[in-house]
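Here is the naming used below: chain letters follow the sequence lines, and residue numbers restart at 1 for every chain.
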There are 2 protein chains.
Amino acid sequence: MKNIKDRVTIYEVAKASGVSLATVSRVINNNDNVTETTRIKVQETIRRLGYKPSALARGLATNRTTNIGIVIPNANYVYIANMLNGMTDEAKDKGYQLTLFVTNHSKDDALQMVEKVITSHVDGAIIFDDELDVEEVNKLSSYKIPLVVINNNVIAERVACINFGYEHAIRSVINSYFEKGDKKMYFLHLHHSGRLLQRIEKAFVDTHVEAMRGYGIYSIEDSYRQTYSDFMEIFKSTHSGYFLAHRDSLAAAVLNAAIDSGLRVPQDVEVLSIIGTKYASILRPHISSLHIDLKEVGAKAMQMMTDLLGEIEMQHVHKFESTFVKRDSTQY
Amino acid sequence: MKNIKDRVTIYEVAKASGVSLATVSRVINNNDNVTETTRIKVQETIRRLGYKPSALARGLATNRTTNIGIVIPNANYVYIANMLNGMTDEAKDKGYQLTLFVTNHSKDDALQMVEKVITSHVDGAIIFDDELDVEEVNKLSSYKIPLVVINNNVIAERVACINFGYEHAIRSVINSYFEKGDKKMYFLHLHHSGRLLQRIEKAFVDTHVEAMRGYGIYSIEDSYRQTYSDFMEIFKSTHSGYFLAHRDSLAAAVLNAAIDSGLRVPQDVEVLSIIGTKYASILRPHISSLHIDLKEVGAKAMQMMTDLLGEIEMQHVHKFESTFVKRDSTQY
DNA sequence: TTGTACGCGTTATCAC
DNA sequence: GTGATAACGCGTACAA
């Protein structure tokens, strides 16, 4: 079965130090009912042999890995990287590792990842993925896997939720723009962008309908380059507008296209980035955006997860309300 | 030991379908020596019971997890996110999961992560971390863990390397600038930025020394905001210079500070981003940069890893040569 | 084709 | 304080 037998086991340590493996186990786990002399003796041979406990065997015995699954659509977006950053920081403190399950914005992959999360025996999973519906989340939940679900409301045992409050902010931005501004507003629609953006788009449409205003929707590709060239085309005939884009790089595509078409920002063209990151204030002109600190979100998610795992009393729902940060790409 | 006994095991599936667990195991692993009828029967009860094999137990039995450890300093940089993206794509094809080990640019953490990589029983590890020296890498290697080391030359059994060729490009950029340009060049030095940047800085210094030219070094913080305000200060007294920055956001800090100080880019101030990402061509003015596609690097690294694991013949060293992409932040 | 029995490396429950 | 020994869930020779 194993042609290369090399991993030092607790057994060999026991034999080498002349004790039973039970004692070695006690030493490893800092169980205090061990004589100081034998403890030192064992620790010495552990170091000498270079013994490292196997997380696999330990996990099998304790039914706990110190592993938390992270389900994300993609590792590439800046805001997801920010979130991962918050998670890793928090996880490290508590001694957890993160295992990545990437869905690539595909439903099929997402379903497959659900399977993998279950088999992989993680202690819990944090789900930040719009491909996964309540149904799948419930499936995970039915396997008793503690869950923190970001941006999806699920109520179940051992499930905590983090919600993003974008609707309120977007409505208020739009409504207050109605009072002062006069440009037509356009929403940049993205395929496979998930529920969050859909909800925001709905809020955008609803607000316009309620105010009996006209609006526009542009379908764009999830790519800076493509969006930039699309808008270079659009700005040949359209010379003004207020555009709402999913995130900074797409907002920048519109912005750059506008400027390169000789339009003025924000006099002719205004742009709002919905999920703003630090690039919103690095890019010129500075992009107005809705702000939620995703590193904070990641940290909070991980904290809720460890609370869940530690069965600590906690609020099972947390909401991050976004704030509108006016910068130079909008007038108001 | 376990108060909650709920995971469906191969045993229960066996009993429920009236076969032995060996047969169930064969069905799971698509071992073909199983009658079609029993196979179907077993598959049926597997579905009915919602059985999922335990990767833990399987790993213990086969001595293989389908897990690859990724050691990185940080999950937050765009270029690391890009690399992760390439890795996850490639890993998914081959059925591997990624487990993250983040060192936070700290030597202590890095050493701890080495321990964790060993205990965690990953099938292999990809190391993209400058805190880890040859010594630590060799330690990992001594535990027979297949390794792909990025940006660090290690020669050992089951170790593959990916190297970045920045020195050549940087020398050629500098030397050709000596011919045409006249500004003094400054290197933006970062603490804890690792060997890669140190090597590049050395190349920068050496090239100047060889040409008997003067140069400057600025120590900066690893933060856009701080660097921006530092340079707002600097540009009060200094009104020209050619600055080499670690990555896009730091280059942007210099650039924005220059512009906000009323200096012209690239006439007065020139900036080069060493590790360029897509933001180099989103930011305005477009930032000249040295380019290596880090998604490609990630994919290649993962591919080398799977080759290593599959014991496939391969080149154990691969070099990515960076190319200078002139954009608008430099004159030549 | 199918079943038995053992091993994987560790923890935990007993005794002593 | 320490040592057997039975789990943990699965793969796999070997036997049937």
Side-chain angles (χ1 to χ4, degrees), chain A residues 1-43 46 49-67 118-123 143-144, chain B residues 1-42 46 49-66 118-123 143-144:
Chain A
M1 173 187 339
K2 266 173 65 179
N3 31 10
I4 38 163
K5 157 70 185 156
D6 27 39
R7 195 175 189 102
V8 180
T9 74
I10 197 171
Y11 223 85
E12 308 175 33
V13 174
K15 197 158 61 181
S17 16
V19 296
S20 82
L21 81 173
T23 304
V24 178
S25 177
R26 289 186 188 105
V27 172
I28 296 168
N29 299 304
N30 288 318
N31 238 310
D32 51 351
N33 45 349
V34 180
T35 324
E36 198 54 24
T37 55
T38 60
R39 172 184 302 280
I40 291 171
K41 185 174 59 181
V42 171
Q43 278 168 339
I46 285 179
L49 269 51
Y51 163 76
K52 308 280 173 205
S54 157
L56 241 43
R58 177 175 285 175
L60 194 57
T62 58
N63 203 25
R64 292 192 48 221
T65 61
T66 48
N67 246 290
I118 298 171
T119 65
S120 76
H121 227 294
V122 292
D123 288 347
Y143 279 90
K144 317 273 188 200
Chain B
M1 176 189 331
K2 263 172 70 178
N3 29 10
I4 38 163
K5 158 73 185 153
D6 27 39
R7 196 175 189 101
V8 180
T9 74
I10 198 170
Y11 261 101
E12 309 175 32
V13 175
K15 196 160 61 184
S17 20
V19 297
S20 82
L21 83 172
T23 305
V24 178
S25 175
R26 289 184 189 105
V27 172
I28 296 168
N29 298 304
N30 288 319
N31 239 310
D32 50 352
N33 45 349
V34 180
T35 324
E36 198 54 24
T37 55
T38 59
R39 173 186 300 282
I40 292 172
K41 185 174 60 182
V42 171
I46 285 179
L49 269 53
Y51 164 76
K52 308 281 173 203
S54 157
L56 240 45
R58 177 176 284 175
L60 195 56
T62 59
N63 204 26
R64 292 192 49 220
T65 61
T66 48
I118 297 171
T119 64
S120 76
H121 229 292
V122 291
D123 288 346
Y143 279 90
K144 315 276 188 199

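With rounding to whole Å, A/Ile28 atom CD1 is found 15 Å from D/dT2 atom C1'. Separating the NE2 atom of B/His121 from the C1' atom of C/dG9 is a distance of 8 Å, rounded to the nearest angstrom. We find that NZ of A/Lys15 is positioned 16 Å from C1' of D/dG3, with the value rounded to whole Å. Rounded to whole Å, atom P of D/dG1 lies 11 Å from atom CG of A/Asn31. D/dA4 atom P lies 14 Å from atom CD1 of A/Ile10, rounded to whole Å. Atom CG of A/Leu56 is separated from atom C1' of C/dG7 by 14 Å (rounded to the nearest Å). Protein atom OH of A/Tyr11 is 15 Å distant from nucleotide atom P of C/dT11, rounded to whole Å. Note: CG (A/Asn63) to P (D/dC10) measures 12 Å, nearest angstrom.
The closest donor-acceptor contact from the side chain of A/Thr35 to the backbone of A/Thr37 lies at 3.5 Å or more, if one exists at all. Within the 3.5 Å criterion, the main-chain N or O of B/Glu12 finds no donor-acceptor partner in the side chain of B/Tyr51.
Looking only at side-chain heavy atoms (C-beta outward), A/Asn29 and A/Arg58 come within less than 4.5 Å of each other. Using a 4.5 Å heavy-atom cutoff, the side chains of A/Asn63 and A/His121 are in contact.
Relative to the axis of its first five pairs, the axis of the last five pairs of the helix from C/dT1-D/dA16 to C/dC16-D/dG1 sits at 40°, rounded to 10 degrees.
For the pair A/Ala57 and B/Leu60, the tightest heavy-atom approach, listed with the atom from each and the gap, is CB-CD1, 3.8 Å.
Residue A/Ser54 places none of its side-chain N or O atoms closer than 4.0 Å to OP1 or OP2 of C/dT10.
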>> Before you tell me yes or no, could you show the steps for B/Ile28 and B/Ile46 under side chain to side chain contact (heavy atoms under 4.5 Å, CB included), namely the whole-Å CA-CA distance, both residues' side-chain angles and the distance that decides it to 0.1 Å?
In response: CA-CA 9 Å; B/Ile28 296 168; B/Ile46 285 179; 4.3 Å; yes
>> Quick one, B/Arg39 with B/Asn31, criterion side chain to side chain contact (heavy atoms under 4.5 Å, CB included). Give me CA distance, side-chain angles, the key distance, then yes/no.
In response: CA-CA 10 Å; B/Arg39 173 186 300 282; B/Asn31 239 310; 6.0 Å; no
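Note that CZ of B/Arg7 and NZ of A/Lys144 are 13.0 Å apart. Values are rounded to the nearest 0.5 Å.
Applying the side chain to side chain contact (heavy atoms under 4.5 Å, CB included) test to B/Thr23 and every residue at least two apart in sequence or in another chain returns B/Val19, B/Ser20, B/Arg26, B/Val34.
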Could you pull out the protein-nucleic contacts involving nucleotides 2-5 of chain C (nitrogen or oxygen on both sides, under 3.5 Å)?
unit_1, atom_1, unit_2, atom_2, d
C/dT2, OP1, B/Thr35, OG1, 2.8
C/dT2, OP1, B/Thr38, OG1, 3.4
C/dT2, OP2, B/Thr35, N, 2.8
C/dT2, OP2, B/Thr35, OG1, 3.0
C/dT2, OP2, B/Thr38, OG1, 3.0
C/dG3, OP2, B/Ser20, N, 2.9
C/dG3, OP2, B/Ser20, OG, 3.4
C/dG3, OP2, B/Thr23, OG1, 2.7
C/dG3, N7, B/Arg26, NH1, 3.4
C/dG3, N7, B/Arg26, NH2, 3.4
C/dG3, O6, B/Arg26, NH2, 2.4

